[in-house]
Amino acid sequence: MKRYIGYPRSSGTASRQAHADLPPGTFEREMSKEGFFGPAAFFHHRHPPTGWVRFEGPLRPHAFDLARLVEPVASPWQAAAVLDNAHCRLRWLRLERPMDHLARNADGDELVFVHAGEAELYCDFGHLTLRAGDYLVLPRGTLWRLEVSAPLLALLIEATNASYQLPEKGLVGNHAIFDPAMLDVPAVDEAFLAQQERGPPGGGAEWPVVIKRREALSTAVFPFNPLDAIGWHGDLAPCRINVKDLRPLMSHRYHLPPSAHTTFVAPRFVVCTFVPRPFETDPGALKVPFFHNNDDYDEVIFYHAGDFFSRDNIHPGMLSYHPAGFTHGPHPKALSRMLVQTKPATDEYAVMIDTRDALEVGAAAAAVEWSGYVDSWRGAR
Ligand SMILES: [Fe+2]
């Protein structure tokens with residue numbers, strides 16, 4: 001039997017509710033356990049908690065411009081290393097030609113987020129067309145390949161040695177955020193049956209299957225197309241949902257924490273999605289993300305489309321990485337709209353990955369790092 005030491009207390013001049021009716025002229029910072037679910041304290045600071053003038057040492061916020069990784073690859077197993085730890089591996093895939101082999105990830109489930117382009121997915125379960133904004137969960141072991149019709153840019157998020165699941169929806173019920181009926185699965189359709197007779201692009205009848213296990217690649221070659229099932233049944237399959245089909249939670253009187261936007265969960269990380277939503281309207285409610293440390297998680301955000309309302313100098317295709325222990329919050333321009341927004345709604349699509357374990361920066365990401373990111377909070381006084 002165990003539980004956190006916790007009981008609400010207050011000292012000095014403080015608001016009574018989180019994210020609302022702050023003492024005039026103060027900036028709120030949240031310090032919390034378990035992301036935004038555990039015990040938490042809310043401080044009312046005289047200065048923005050990101051008002052440093054110097055930042056030295058290995059701990060620092062990062063931003064990477066993945067759109068600058070312009071070299072195409074021929075296989076998901078050649079995708080550029082972005083960030084990884086023992087439980088989560090992020091890669092950046094730029095695929096411009098149809099794959100000439102099948103891929104199987106034996107290390108874990110793969111979540112593909114399509115940033116741009118279009119491709120036909122052929123896999124054990126059939127055929128599905130992928131477009132920008134699609135999330136695709138590929139269960140571990142699935143054989144798959146992509147026929148690209150418009151150059152594909154995608155973030156690959158591996159749940160190493162684990163499975164993706166849907167979050168517990170709690171009070172709002174199973175049909176909130178998205179109805180599970182919106183999850184599409186591949187179909188054994190005419191296009192799928194027709195490809196069973198074809199060899200790989202480039203000629204020949206032999207199909208290589210490239211299997212990744214413990215980050216090492218092995219190839220099994222078949223004299224026929226192994227995607228030859230004429231049907232299947234069961235309750236395990238890849239699934240797809242597009243960000244445009246998400247219906248976000250919001251409150252006009254309370255700035256919801258990012259966890260309200262959780263889309264998929266794995267044992268040691270979560271994937272959340274920010275999609276357009278109205279701003280809070282209550283005069284006392286915060287209209288921007290609160291400053292916080294998120295001390296139990298490393299935080300990653302991939303910027304997919306739109307205007308990123310809490311960040312300056314960030315464009316689609318960029319990815320920010322805020323390691324635990326570093327306080328962050330709105331950039332100076334956004335902070336000026338802390339209590340009054342000029343627009344009625346946000347206009348951003350972004351994918352957030354919060355990991356319980358520290359991430360390492362991959363070589364490809366390091367090559368496209370914006371080193372000035374740590375200074376981008378300058379001017380917040
Ligand atoms: Fe954060």
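For ligands, and for the atoms within them, numbers begin at 1 and follow the listed sequence. We number each residue from 1, following the sequence as shown.
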With 2.8 Å as the limit, count the protein N, O or S atoms near the Fe ion (ligand 1). 4

Among residues at least two apart in sequence or on other chains, which ones pass salt bridge (Lys or Arg N to Asp or Glu O under 4.0 Å) with E369? none

Does either side chain, that of D65 or that of H315, offer a donor lying less than 3.5 Å from an acceptor on the other one? yes

side-chain hydrogen bond (donor to acceptor under 3.5 Å, both in side chains) assessment of N85 paired with E360: CA-CA 6 Å; N85 62 32; E360 297 288 337; over 6 Å; no

Both conditions, 6.0 Å and 45 degrees, for the charged tip of K169 above the ring of F178: are they met here? yes

Heavy-atom neighbours of R213 CZ exceed 12 at 6.0 Å: yes

If you draw a 6.0 Å radius around CE in M338, do more than 12 non-hydrogen atoms from other residues or ligands fall strictly inside? yes

